[in-house]
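Working notes, beginning with the structure itself.
Nothing here was measured: the structure is a model prediction, and the numbers come from that model.
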Amino acid sequence: MAYTKRGRRLGRALAIAAAAALAGTVMVGQPATAQPADDGTAAASGFAANANPQGIDVSNWQGSINWTSVRNAGIEFAYIKATEGTSYKDPRFNTNYPNAYYAGVIRGAYHFALPNVSSGATQANYFVNNGGGWSRDNLTLPGALDIEWNPYGATCYGLSQTAMRNWITDFSNTYKSRTGRDPVIYTAASWWNQCTGNWTGRSAINPLWVAHYTTGSPAIPAGWGFYTMWQYTSSGSVAGIAGNIDRNVFNGTRARLLALANNTP
């Protein structure tokens, strides 16, 4: 979800589809062939309601959210922006995160990475200290590392491919040491392959949340043969939220989504 520091996504071409999922080293789901409708709703020709749970991701940009309406509209999971870099906490996180939980939405927090600002470990600790932790409560997903195009400068944040790999490893290892979970990685194939040099080193460790806005199958970053979640549009709509919203789909059943949340086989 390419957000600027105070809000909205950068314009770019990203993606959609279905495959398997990882919870740690546990595969969650199998490749599917159905596709969601263009507007993000689960149409008869799209994903079955129980087979591929629909989700959203939000930040301060969305304003006030009626999470009960969101859940009643069929949204089963959501990623909510918590932090960015080491100096920004989303001002609506402390409202969105508990309200999603009480509405029965399986929620997770995400951190927008700024690898040129500080180390991966520093940002992972900032994320956990400001709401990005995890608990086995049946409604909390592992935290997500949003690593993608730099909204403030050089595409790869001025880091070499080796330095970027090391930064991602540093963040992931620190997050796991703090929470017991490997973070989900949100990215797009074009950014990942360019800025990490087609690195395959995280594919067996981190669940993949792939971004690619298309009506066909998405491009997958190097290493991953499947993905856990697919962000397929930034122009969806959901009751309870004013304006456009990012829509996501989970590849697998609700039971597999809960397995990812609870770190169970």
Side-chain angles (χ1 to χ4, degrees), residues 1-6 22-26 57 59-60 79-91 93-94 97 107-136 140-188 191-211 221-224 227-229 260-261 263:
M1 54 241 82
Y3 287 97
T4 63
K5 188 163 186 174
R6 297 295 184 263
L22 278 177
T25 58
V26 179
D57 56 86
S59 73
N60 182 56
Y79 266 101
I80 299 167
K81 185 172 185 177
T83 52
E84 178 173 322
T86 54
S87 61
Y88 177 76
K89 180 173 179 177
D90 189 285
F93 178 77
N94 285 346
Y97 203 62
R107 84 282 159 84
Y110 79 86
H111 173 79
F112 189 91
L114 296 179
N116 58 323
V117 169
S118 57
S119 70
T122 297
Q123 292 192 34
N125 281 319
Y126 182 74
F127 179 42
V128 174
N129 292 343
N130 287 280
W134 173 79
S135 58
R136 186 181 283 108
T140 303
L141 293 162
L145 171 64
D146 178 352
I147 189 154
E148 51 168 302
W149 289 271
N150 181 2
Y152 313 115
T155 297
C156 300
Y157 300 85
L159 273 63
S160 68
Q161 292 172 344
T162 297
M164 186 64 75
R165 294 178 184 187
N166 291 340
W167 193 97
I168 294 167
T169 298
D170 194 26
F171 183 99
S172 185
N173 288 348
T174 302
Y175 186 83
K176 185 168 186 178
S177 73
R178 291 288 307 275
T179 67
R181 298 299 306 272
D182 295 302
V184 171
I185 289 180
Y186 168 96
T187 195
W191 183 91
W192 182 269
N193 294 343
Q194 175 184 346
C195 295
T196 72
N198 295 294
W199 187 32
T200 62
R202 305 309 304 179
S203 59
I205 302 169
N206 302 94
L208 173 65
W209 177 8
V210 67
W224 284 280
Y227 50 90
T228 304
M229 288 166 281
L260 176 63
N263 200 26

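No donor-acceptor pair closer than 3.5 Å links the side chain of R178 to the backbone N or O of F127. One N or O on the side chain of T187 and one on the backbone of I147 form a donor-acceptor pair closer than 3.5 Å. Side chain of D170 to main chain of N166: no donor-acceptor pair is present (N/O by atom type, distance under 3.5 Å, no hydrogens or angles). Counting only distance, with no hydrogens or angles, the side chain of Y157 and the backbone of V117 share no donor-acceptor pair below 3.5 Å. For D182 (side chain) and P207 (main-chain N/O), no donor-acceptor pair under 3.5 Å exists by modelled atom type. Between the S177 side chain and the T174 main chain, a donor and an acceptor come within less than 3.5 Å of each other. Checking side-chain atoms of R181 against main-chain N and O of A261 turns up a donor-acceptor pair under 3.5 Å. The backbone N or O of N206 lies less than 3.5 Å from a partner atom in the side chain of W224, making a donor-acceptor pair. Under a 3.5 Å cut-off, the side chain of Q123 and the backbone N or O of F171 do not form any donor-acceptor pair. Between the side chain of W134 and the main chain of V128, no donor-acceptor pair closer than 3.5 Å is present.
Two residues are said to be in side-chain contact when any heavy atoms from C-beta on lie closer than 4.5 Å; L260 and T228 meet this criterion. Using a 4.5 Å heavy-atom threshold, the side chains of F112 and P151 count as touching. The side-chain heavy atoms of P183 and P142, taken from C-beta on, include no pair separated by under 4.5 Å. Using a 4.5 Å cut-off on side-chain heavy atoms (C-beta onward), I205 and K176 make no contact.
Rounded to the nearest 0.5 angstrom, L208 CG and I185 CD1 are separated by 8.0 Å. For the atom pair OG1 of T83 and CG of L114, the computed distance is 9.5 Å after rounding to the nearest 0.5 Å. Rounded to the nearest 0.5 angstrom, D57 CG and Y110 OH are separated by 6.0 Å. If you take OH on Y88 and OH on Y126, they are separated by 9.5 Å, rounding to the nearest 0.5 Å.
T140 and G133 get closest at one heavy-atom pair: CG2-O, 4.4 Å. Between P221 and V210 the shortest heavy-atom distance is CD-CG2, 4.0 Å. Contact detail for R165 and G197: the closest heavy-atom pair is NH2-O, 3.3 Å. For the pair L145 and A113, the tightest heavy-atom approach, listed with the atom from each and the gap, is CD1-CB, 3.7 Å. Across C156 and M164, no two heavy atoms sit closer than the pair O-CE, 3.3 Å. Closest approach of A109 to F93, counting heavy atoms only: CB-CE1, 3.8 Å.
Of the N and O atoms on the side chains of S119 and T122, at least one donor lies less than 3.5 Å from an acceptor on the other residue.
Aromatic rings from Y79 and W209 are positioned such that their centres are separated by under 6.0 Å. Two rings, from Y175 and H111, have their centers 6.0 Å or more apart.
Using the six-membered ring where Trp is involved, W192 and W199 have ring planes that are parallel, under 30° apart on the 30 and 60° scheme.
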(request) Show your working on side-chain contact (heavy atoms from CB on, under 4.5 Å) between I168 and T196 and close with a plain yes or no. (result) CA-CA 9 Å; I168 294 167; T196 72; 4.0 Å; yes
(request) For C195 and T155, run side-chain contact (heavy atoms from CB on, under 4.5 Å): C-alpha distance rounded to whole Å, both residues' side-chain angles, the deciding distance at 0.1 Å, then the answer. (result) CA-CA 8 Å; C195 295; T155 297; 4.1 Å; yes
